[in-house]
Engineer: 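There's a structure below that I have some questions on.
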Amino acid sequence: MSIQAHVNQVKEHIAAAALAAGRSPEEITLCAATKVQSDDAIREAIAAGVPVCGENRVQELTAHLSADAYRGAQVHFIGHLQTNKVKQVVGRVALIHSVDSEHLLRAIDGQAAKLGITQDILLEVNIAGEASKGGCTPEQARELAALSQALEHVRLCGLMAIPPISQAPGANRPFFAKMRQLFVDIKEKMGDNQSDMICLSMGMSEDYPDAIAEGATLVRVGTAIFGPRPPLHRA
Ligand SMILES: *Cc1c(COP(=O)(O)O)cnc(C)c1O
């Protein structure tokens, strides 16, 4: 099947999951997870109607930006971000999904200040408490949310999570439900900035319908659009 056909199929599944949950399909943004994909595959996905590309690695982001491969779509950074690489990301992407420490949050704010911009960010929460994964605890997310309000050059727009690889349909729903609750809790404490909290980024190829059922506003889909990646790049 072509990328176009895959994108159509994913969009149909998104719409069906939204309607089943009593939500409007327009509430959910499809983000194509483009790691290891070529410039041309990315262009094909955008031509097929993908509005957002999510990149994991700074090196790939830089290469695709130089090739103008994302033309017509927004670009988000969804991978682990090292503090020493914030310069290559801040101001170049519309949203950074993976902020999970005070150190990184302050580095992003500092770089955005230098550029004279406000960088939109999400906090990544390790919602299943997996030792092998990035992301902060729910408690740290509350603290980082409070800190972000004190910083002038970052705008907190929501939360992101990568739960365990889904073993069965429905297996990750409790994690998605927890994320939704945390999102609501943090939003309520944001005072005047509540209206900035618009993004709950969760759900991948194996489980995005469940994430939508639990309130996701953005799903990050790779395999279901581009086909399987080489095993090395699974994570
Ligand atoms: C690779 C990746 C995805 C998409 O994974 P698939 O299972 O291929 O849909 C989503 N989010 C992040 C952060 C990723 O690295």
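Both counts, for ligands and for their atoms, begin at 1 and track the order of listing. Worth saying up front: this structure is predicted, and the values here are computed from it rather than measured.
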Engineer: Run the side-chain donor-acceptor check on residues 46-54: report pairs under 3.5 Å with partners two or more places apart or on a different chain.
Structural biologist:
none

Engineer: Taking only Lys NZ, Arg NE, NH1 and NH2, and the carboxylate oxygens of Asp or Glu, determine whether E214 and R173 approach each other closer than 4.0 Å.
Structural biologist: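 Yes, E214 and R173 are salt-bridged.
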
Engineer: Grouping I, L, V, M, F, W and Y whenever their side-chain heavy atoms are under 4.5 Å apart, do V75 and V221 come out in a common cluster?
Structural biologist: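 V75 and V221: separate clusters.
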
Engineer: Atoms of ligand 1 less than 4.0 Å from A33 heavy atoms?
Structural biologist: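 Atoms satisfying the 4.0 Å criterion: 2 (C), 3 (C), 4 (C).
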
Engineer: Under 3.5 Å between any N/O of G222 and any N/O of ligand 1: does that happen in this structure?
Structural biologist: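 Between G222 and ligand 1, an N or O pair is found under 3.5 Å apart.
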
Engineer: Identify, by atom number and element, the atoms of ligand 1 in contact range of K35, meaning under 4.0 Å from any of its heavy atoms.
Structural biologist: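 Under 4.0 Å from K35, ligand 1 has these atoms: 1 (C), 2 (C), 3 (C), 14 (C), 15 (O).
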
Engineer: Is E206 close enough to touch ligand 1? Criterion: a residue heavy atom under 4.0 Å from a ligand atom.
Structural biologist: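 Judged by the 4.0 Å heavy-atom criterion, E206 does not count as contacting ligand 1.
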
Engineer: Enumerate the atoms of ligand 1 whose separation from the nearest heavy atom of V221 is less than 4.0 angstrom.
Structural biologist: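 Listed by number with element: 9 (O).
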
Engineer: Flag yes if V93 and I198 sit in one hydrophobic cluster, no otherwise; membership is Ile, Leu, Val, Met, Phe, Trp, Tyr, and two members link when side-chain heavy atoms are under 4.5 Å apart.
Structural biologist: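 No, it is not one cluster - the side chains of V93 and I198 are not joined through contacts under 4.5 Å.
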
Engineer: Below 4.0 Å, non-hydrogen atoms only: which portion of T223 touches ligand 1? Side chain, backbone, both or neither.
Structural biologist: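 Both backbone and side chain of T223 come within 4.0 Å of ligand 1.
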
Engineer: What distance do H6 atom NE2 and F226 atom CZ have between them, rounded to the nearest 0.5 Å?
Structural biologist: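 With rounding to 0.5 Å, NE2 (H6) is 11.0 Å from CZ (F226).
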
Engineer: Within the 4.0 Å heavy-atom shell around R220, which atoms of ligand 1 are there?
Structural biologist: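 Those atoms are 4 (C), 9 (O), 10 (C), 11 (N), 12 (C), 13 (C).
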
Engineer: Supply the members, apart from L122, of the Ile/Leu/Val/Met/Phe/Trp/Tyr cluster built from side-chain contacts under 4.5 Å; use none for a lone residue.
Structural biologist: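 ILVMFWY cluster around L122 also holds L95, M160, I162, M204.
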
Engineer: Let me confirm one number: the CG-OG1 distance from D109 to T118, rounded to the nearest 0.5 Å.
Structural biologist: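 It is 9.0 Å, given to the nearest 0.5 Å.
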
Engineer: Going by the atom numbers of ligand 1, which of them fall below 4.0 Å from some non-hydrogen atom of I162?
Structural biologist: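 Close to I162: 13 (C).
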
Engineer: Between ligand 1 and R229, can you find any atom pair, the residue atom being a heavy atom, that is separated by under 4.0 Å?
Structural biologist: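 It does, in that a heavy atom of R229 comes within the 4.0 Å cut-off of ligand 1.
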
